[in-house]
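All ligand and atom numbering here is 1-based and tracks the order in the structure.
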Amino acid sequence: MKLHLYDTYKRELREFEPLNPDEVGLYTCGPTVYNFAHIGNLRTYLFEDTLRRVLAYNGYNVKHVMNITDVGHLVSDGDTGEDKMEAGSKRTGKSAWEIAELYTDAFIEDLKLLNILEPTIWCKATDHIQEQIDVVKCIEEKGYTYRTSDGIYLDTSKLDSYGYLARLDIEGLQAGSRVDQGEKRNLTDFALWKFSPEGEQRQMEWDSPWGVGFPGWHIECSAMSAKFLGTFFDIHCGGEDHIPVHHTNEIAQTQACYGTTLANFWMHGYFLQLSEAKMSKSSGEFLRVQSLIDRGIDPIAYRYFNLNAHYRTKLNFSWESLDGAQKGLDRLRKTFHSWGSKSGEVNQELLDQFVEFINNDLNMPRAMAVAWDLTRSDISDADKRATMLVFDEIMGLRLAEWQPKTVEVPAEILEMLEKRTEARKARNWAEADAMRDQIQAAGYEIEDTPEGPKVKLKK
Ligand code: AMP
Ligand code: ZN
């Protein structure tokens, strides 16, 4: 099956055809680095990682760009309230620049722990202020902006198809709104450039043709994606919350300036559902990768947990289901390990089934079921290993790296094992069983592997 992906813009499953056969452009909205990423955020990055791996499996050379939002994202997700970075600075007593660096590094560490491939290009909003000013100027020249006392705004009523991505009912929204829209002409208008408040020195502010201030949140993605991937590229991704505001506004900016919808495919990962407290970055319960590690959960088990749900369905978080994922992963690792280290031939039939699912809009739950079918199939261990290694290029579970924990087995236990082996050779089953029972009574168990019997601590 050829690769098909669900495009939120057209609301349909479409065959993926690259705009340029040599290189697929992928832009994924990155983190706002005012705190650690929570495990919900990371579900979106895991979905995007699967997409990237599936594109690579299909032979595409992917140029993956991810931004770091280190300025301009206001607490309200709109145009009011404090900048998240300045708020983070107050919370920690560190400068906005320091926390940006701290949480960017922590984010990159999280990606490594989850075996998420790093983007080809990282780009920070604060490194691209001029590019953002240039796009705002372009939108202004085309006649889509107006000025208020706090910034330069985009007049969304001037765009014919504003809100199409989210199928926004603009008139209904406007009629039902109880929000004070201040000086904004339309409820959906948004800031392209915000002025620094009168008499207040922000930590992050720049000069611009309109006055000292900082860029609006959405403009960074329009400016940086256009810089690195062009004004119409293959795929743009983010979490589902980006559909009605952030991505809708990125499209508005790009349409106003370049006349394009920015990307050929718009893809969105659905939310991990956690209680408010487990996601609220100010609460003590706020869950991040380190919280999983503290509970004895391997970050890769969190990856496994996510692979068992389709990216376009909501996923409920619970510790029970995460423990279940850890058990499933342990079982898969041990099974893989038991096949030994020799790889044979890839089984074409099983591979075809696997690819059928991954190419059908990244249906990982079904693909994972094929991986389990493989463990139960009657092909040789070496062929199982070779086939599973190909699957793992997509699953990213690092199966080949895993080794059972080795423990120092006391000499007397090894002696008993030796006696058991001798007894079995001599077909003295009673003695062999007695040795096995003694080994077990001492808290160990025997595992018969292709390389001979081994003892390990009983679980
Ligand atoms: P932020 O750091 O807040 O800009 O968000 C980073 C990414 O996480 C964005 O793509 C969001 O859409 C996504 N996101 C936020 N909350 C969740 C959640 N509960 N589940 C999945 N993705 C989320
Ligand atoms: Zn973005």
Side-chain angles (χ1 to χ4, degrees), residues 8 26-51 64-78 83-85 87-88 99-100 103-104 106-108 110-111 114 116 119 122-125 128 132 135 165-166 190 215-229 233 235-254 262-263 266-282 286-289 302 305-306 309-317:
T8 312
L26 171 67
Y27 186 91
T28 56
C29 289
T32 309
V33 285
Y34 70 111
N35 207 329
F36 295 104
H38 62 59
I39 58 170
N41 301 136
L42 291 160
R43 180 182 189 206
T44 292
Y45 301 112
L46 282 165
F47 136 64
E48 294 161 350
D49 188 56
T50 301
L51 169 64
H64 177 192
V65 179
M66 192 189 289
N67 65 305
I68 299 280
T69 299
D70 54 359
V71 68
H73 193 168
L74 304 187
V75 171
S76 72
D77 259 13
D83 184 318
K84 289 188 178 190
M85 297 304 297
I99 60 167
Y103 295 122
T104 301
F107 179 67
I108 293 174
D110 285 348
L111 298 189
L114 292 167
I116 294 176
W122 287 109
C123 45
K124 286 190 205 164
H128 296 86
Q132 296 177 71
V135 181
L165 176 75
F190 58 93
W217 169 34
H218 319 296
I219 199 76
E220 65 175 271
C221 290
S222 289
M224 295 192 285
S225 61
K227 170 171 174 169
F228 294 108
L229 298 171
F233 57 88
I235 309 175
H236 194 314
C237 299
E240 57 171 325
D241 58 325
H242 284 349
I243 301 170
V245 182
H246 182 52
H247 288 170
T248 287
N249 291 347
E250 278 187 44
I251 292 175
Q253 293 165 154
T254 317
L262 194 57
W266 286 85
M267 293 180 67
H268 296 93
Y270 280 47
F271 266 26
L272 178 77
Q273 312 219 58
L274 294 135
S275 69
E276 196 59 36
K278 290 202 178 79
M279 272 191 300
S280 151
K281 298 190 178 184
S282 53
F286 156 48
L287 290 184
R288 55 191 183 97
V289 174
Y302 181 62
F305 170 69
N306 278 275
H310 193 272
Y311 78 92
R312 281 198 296 119
T313 56
K314 296 207 190 277
L315 173 60
N316 286 321
F317 173 82

Partner residues of Q273 under the side chain to side chain contact (heavy atoms under 4.5 Å, CB included) criterion, sequence neighbours left out | K314, N316

For A106, what residues pass the side chain to side chain contact (heavy atoms under 4.5 Å, CB included) criterion, not counting sequence neighbours?
-> F36

Over 60° means perpendicular and under 30° means parallel, so classify the ring planes of H236 and Y27, tilted if in between.
->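 The arrangement is tilted - the two ring planes meet at 30° to 60°.
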
For the pair F107 and Y45, name the ring-plane relationship: parallel under 30°, tilted 30 to 60°, perpendicular over 60°.
-> perpendicular

Shortest-distance N, O or S atom of E250 relative to the Zn ion (ligand 2) |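 When I compare the N, O and S atoms of E250, OE2 is nearest to the Zn ion (ligand 2).
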
Look at the N, O or S atoms of [X], main chain and side chain alike, and state whether any lies under 2.8 Å from the Zn ion (ligand 2).
X: C29; value: yes
X: C221; value: yes
X: H246; value: yes

Any donor and acceptor pair, going by atom type alone, linking the side chain of [X] with main-chain N or O of [Y] inside 3.5 Å?
X: Q132; Y: A125; value: yes
X: T8; Y: W266; value: yes
X: R43; Y: F271; value: yes
X: E220; Y: N67; value: no

Can you tell me how far NE2 of H73 sits from NE2 of H246, rounded to the nearest 0.5 angstrom?
-> 8.0 Å

Measure the spacing between CG of L111 and CG of L46 and express it to the nearest 0.5 Å.
->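 Reported value, rounded in 0.5 Å steps: 9.0 Å.
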
I want to know if ligand 1 touches [X] in the polar sense, i.e. an N/O pair below 3.5 angstrom.
X: F271; value: no
X: E240; value: no
X: L274; value: no
X: Y270; value: no
X: G40; value: yes
X: T44; value: yes
X: T32; value: yes

Under 4.0 Å, heavy atoms only, figure out whether ligand 1 is touched by the backbone of D241, its side chain, both or neither.
->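 The side chain, only.
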
Heavy-atom distances under 4.0 Å are what count here, so tell me which part of Q273 touches ligand 1: side chain, backbone, both or neither.
->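 It is neither part, as no heavy atom is under 4.0 Å.
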
Contacting atoms of ligand 1, where contact means under 4.0 angstrom from a heavy atom of L272 = 18 (C), 19 (N), 20 (N), 21 (C)

Contact with ligand 1 for [X], non-hydrogen, under 4.0 angstrom:
X: P31; answer: yes
X: H38; answer: yes
X: T69; answer: no

F228 ring center within less than 6.0 Å of H128 ring center | yes

